[in-house]
Amino acid sequence: MEIAPYHLGFCATAQENELKALPIQGSIPQWLTGSLIRTGPGTLKVGQQSYHHWFDGLAMLRKFSFKDGQVCFANRFLKSQAYQEAIAKGKISRGEFGTTARHSLLERLSDPLPRLTDNATVNITMQGECFTSVTESPFPIVFDPETLNTIEQFHYQDHVLGQITTAHPHFDYQENAVYSYLVNLVPRCSYSIYRMDAYSHQRQLISSVRVKQPAYMHTFAMTEHYLLLVEFPLFLSRLSLMFSGKPYIENYQWKPEKGTRFLIISKENGKVIHSAQSEPFFAFHHVNAFELDGEVIVDLVAYPDSSVIQSLYLESLLHQREQVIAAGELRRYHVPLNNAIADYEVLTSEPIELPRINYQRCNTHPYQFVYGVGSSESGNFIDQLVKVDVQNGTNQLWHSHDCYPGEPVFVAAPNAIFENEGIILSVVLNVQAENSFLLVLDAQSWNELARVKLPYHLPFDFHGQYFETLASTDRRQLHR
Ligand code: CO
């Protein structure tokens, strides 16, 4: 069977490296003086074994640093426990999203309890004063942002319990605090919603919402006064998780008859102030949310069901047995605070994923622009960038032959007046040249400003953040 043209994006990088002054085609704005740090799989194989799902590979950090129009680069594996055990044993040591670890009888006797993975391959966030790489198990891994060396697991100084979390916390710039949640499975299931002051190591539990079965939620939304958990009807069976021997995500069951539930939780007192229902759908990523005229407006990237998860197994991605689903529908849900039914409108016909906004300026407020990756044809893997004007429904695209772009990160220009005044940074795989480059676009004009070329390819990654400075005293906190 023919292999997908973009298969290099799922192959390991040759090496860890530090590169100075990369070749630039075009020019980088002189004002760009920070660092883009990203995480994602560095390899999807250990010894003779392969991980099964795109979300499973061992994490590798990547950093592009900008100064005086020049760009430096470094990539380094995250030395998590999962990574160290895998390298030591030459095989997959911990179960991941779509892969189980197979242990010998001797291993099971000496270490009978399965350990949760700390392979933090999803996003970069700040925890306290630390730079961390994070995933959906609550074990952020602290790294040195200068060298990308792994330091240790982040230690929370509290007793908030939970086994599952989100890799997309929200940052409240008014309160200078992080909001996020944990899913607690013992003794009863609940969503434990917490707040953590910037630079603190202590999570303050603000609410514990009891549920029969927790839903799989990759992100949540925040407005000025509320947090929103949108429960798609993909529910975890605890019994199955304990005894089935199946990979983590396969212990969730799609129950469309339950519909999707919008839980609106007060940031002030943690109470569920409203709950609304809609037709069943699934999403990984929220885009933005805000309060307007007695409604909560929730923008997200929706799929009719959870089959997108199946579509992102490597077998399906690489051999294209069926059409690949890798981007969804940008929808705006209206959740009236006096009505239990949520309704939606579609904001653009362009498929979109890995959505980003001008977060610091627009999160929790009405806004105009969403940036994301997309598919040029239905059934294609991600092969273009999309900018959507959600007020006018218009869009602009970037694509280039044989090129597969990653998440577009928006960086605002200094003293910007307009929402889209700044640049877009996206790591692109060029399968023809067998390397990757960093694409720099003008976010306003959508013109290409530069391509910064790497001498080798990087596997496709997920999320990253731009930091104006890596100094410990002056860290701009961006959390998406
Ligand atoms: Co994500």
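Position 1 is the first residue of the sequence, and the numbers go up from there. Every heavy atom of this structure was used, including side-chain atoms; hydrogens, water molecules and symmetry mates were not. Just follow the structure's listing: the first ligand is 1, and inside any ligand the first atom is 1.
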| Closer than 2.8 Å to the Co ion (ligand 1) - protein N, O or S atoms, ordered by chain and residue number | H168 NE2, H218 NE2, H285 NE2, H463 NE2
| query | Taking atom types as modelled and ignoring hydrogens, do the side chains of E279 and Y344 form a donor-acceptor contact shorter than 3.5 angstrom? | reply | no
| Which side-chain hydrogen bond (donor to acceptor under 3.5 Å, both in side chains) pairs, counting each pair once, include a residue from residues 295-307, with sequence neighbours left out? | E295-H334, D299-R332, D299-Y367, Y303-E353, D305-S307
| So, for H201 and H155, is the gap between ring centers shorter than 6.0 Å? | no
| request: Answer yes if the side chains of N184 and Q163 hold a donor-acceptor pair under 3.5 Å, and no otherwise. | output: yes
| field | E329: partners by salt bridge (Lys or Arg N to Asp or Glu O under 4.0 Å), with sequence neighbours left out | value | R331
| message | Going by salt bridge (Lys or Arg N to Asp or Glu O under 4.0 Å), name the pairs with one or both residues in residues 215-226, residues two or more places apart or in two chains. | response | none
